[in-house]
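A short worksheet on the structure shown next.
Since the structure is predicted, the reported quantities are computational estimates derived from the model, not experimental observations. Quick note: numbers below take in every heavy atom, side chains included, and nothing from hydrogens, waters or symmetry partners.
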Amino acid sequence: MLISVYKMTKNHIEILDFAKSHGGYITTDNCKNFGFDPRTLQTLKNNGSLEKASYGIYKLPETALDELYIFHLRFPSIVFSHETALYLLGYSDQVPFKYNATVPVGFNSASLRQDCSVFQIKKELLTPGIVSVKTEFQNLIPVYCIERTLCDMIRRPSAFNIERFLPAIKKYMTSKEHDNIKLIKFARLFNAESKIRPYMEAVL
């Protein structure tokens, strides 16, 4: 049963207000950053004001479980990429069987690898091309732009489904948003220009 508002402490109310303004979620790290005792989240869970969504992550009872956003909260350094990025960007209508995520070299998490196909890259190459995309529950998560996604996929052809890549690059090259200069820029950055140009020319 929910505890009455008048019985809540100021910290309880501030924590719940934070969750309301952040998609219905709050983490133990959020509490630490605000100077609150993270154990307060367990107290609010016991009172029915919060529910545990994952390790170190809590949500308001009325908030839907957003798996992608929860992954983002658990592992803030990951960027959704490859086939998952195609889906989130609207370049594939096939929901990935397993999420794809790119992480900096040296990042290791057995729990992440249980649910994601993980790609490692040098730290300085992690951030180029990151855009914010809304999940189906309207929460923002980091995803690679379509230009970088196409280059990531073509430089590792054995790691993805070519049947998803071909429709995606055709859709991109024939769309109003296509930008050859930007695409080649990313292709050069990731040494994929010689691999992606034939596809660009075939479509055009």
Side-chain angles (χ1 to χ4, degrees), residues 23 66-204:
D66 188 340
E67 197 171 65
L68 285 166
Y69 189 56
I70 290 172
F71 273 124
H72 166 59
L73 293 177
R74 287 183 65 192
F75 310 103
S77 62
I78 72 171
V79 184
F80 293 102
S81 58
H82 298 79
E83 293 182 25
T84 300
L86 286 185
Y87 175 74
L88 291 169
L89 295 168
Y91 282 85
S92 172
D93 57 3
Q94 298 182 50
V95 179
F97 177 73
K98 198 172 186 180
Y99 294 129
N100 307 117
T102 296
V103 301
V105 171
F107 179 97
N108 288 299
S109 172
S111 56
L112 176 63
R113 292 181 183 279
Q114 286 179 356
D115 300 296
C116 290
S117 295
V118 179
F119 300 84
Q120 292 194 345
I121 199 164
K122 294 179 181 178
K123 189 174 182 180
E124 61 269 25
L125 294 177
L126 181 70
T127 57
I130 293 178
V131 296
S132 293
V133 174
K134 287 184 178 181
T135 68
E136 62 177 309
F137 300 104
Q138 303 304 300
N139 294 306
L140 290 172
I141 56 173
V143 179
Y144 283 131
C145 65
I146 184 59
E147 291 84 5
R148 168 154 184 177
T149 297
L150 292 171
C151 292
D152 278 344
M153 294 182 74
I154 196 60
R155 70 193 183 93
R156 291 180 178 176
S158 62
F160 70 92
N161 188 337
I162 191 69
E163 293 182 0
R164 296 192 184 184
F165 173 82
L166 291 176
I169 193 168
K170 182 176 181 180
K171 180 176 180 178
Y172 173 75
M173 293 301 297
T174 55
S175 70
K176 293 181 179 179
E177 67 180 9
H178 92 272
D179 185 336
N180 288 348
I181 295 176
K182 186 177 181 181
L183 182 58
I184 291 299
K185 172 187 171 183
F186 277 103
R188 289 173 178 169
L189 181 62
F190 295 103
N191 299 315
E193 184 176 1
S194 62
K195 293 181 179 180
I196 205 164
R197 274 196 180 276
Y199 291 97
M200 295 172 63
E201 294 167 358
V203 172
L204 294 176

(request) Drop me the distance from I184's CD1 to L189's CG, to the nearest 0.5 angstrom. (result) 12.5 Å
(request) State the CD-CZ distance between Q94 and R164, to the nearest 0.5 angstrom. (result) 4.0 Å
(message) Counting only heavy atoms not in K171 (residues, nucleotides, ligands), do more than 12 fall under 6.0 Å from its NZ?
(response) yes
(message) Under the criterion side-chain contact (heavy atoms from CB on, under 4.5 Å), I'd like the reasoning laid out for T135 against H72: C-alpha separation, chi angles, the key distance, then a yes or no.
(response) CA-CA 11 Å; T135 68; H72 166 59; over 6 Å; no
(request) Determine whether P128 and R148 make a side-chain contact, defined as any pair of heavy atoms from C-beta on separated by less than 4.5 Å. (result) yes
(request) For the residue pair L89 and V133, establish whether any side-chain heavy-atom pair is separated by less than 4.5 Å. (result) yes
(message) Pairing donors with acceptors under 3.5 angstrom, does anything connect the side chains of Y99 and E67?
(response) yes
(request) Output the distance between atom CD1 (I154) and atom CZ (R197), rounded to the nearest 0.5 Å. (result) 14.0 Å
(request) Enter the distance from K98:NZ to H82:NE2 here, rounded to the nearest 0.5 Å. (result) 14.0 Å
(request) Report yes or no: do E177 and Y172 form a side-chain donor-acceptor pair below 3.5 Å? (result) no
(request) Please work out whether the ring planes of F71 and F80 are parallel, tilted or perpendicular, with thresholds of 30° and 60°. (result) perpendicular
(message) I'd like to check N139 versus K134 (side-chain heavy atoms, cut-off strictly below 4.5 Å). Are they in contact?
(response) no
(message) Please determine whether the number of non-hydrogen atoms from other residues, nucleotides or ligands lying under 6.0 Å from atom NZ of K170 exceeds 12.
(response) no
(message) Taking the side chain as everything from C-beta on, heavy atoms only, tell me whether T149 gets closer than 4.5 Å to E83.
(response) no
(request) Please tell me if the side chains of I196 and I169 come closer than 4.5 Å, counting only heavy atoms from C-beta onward. (result) yes
(request) Could you grab the distance from atom CG of D179 to atom CD1 of I146, nearest 0.5 Å is fine? (result) 12.5 Å
(request) Using a 4.5 Å cut-off on heavy atoms from C-beta on, say whether the side chain of L68 contacts that of I70. (result) no
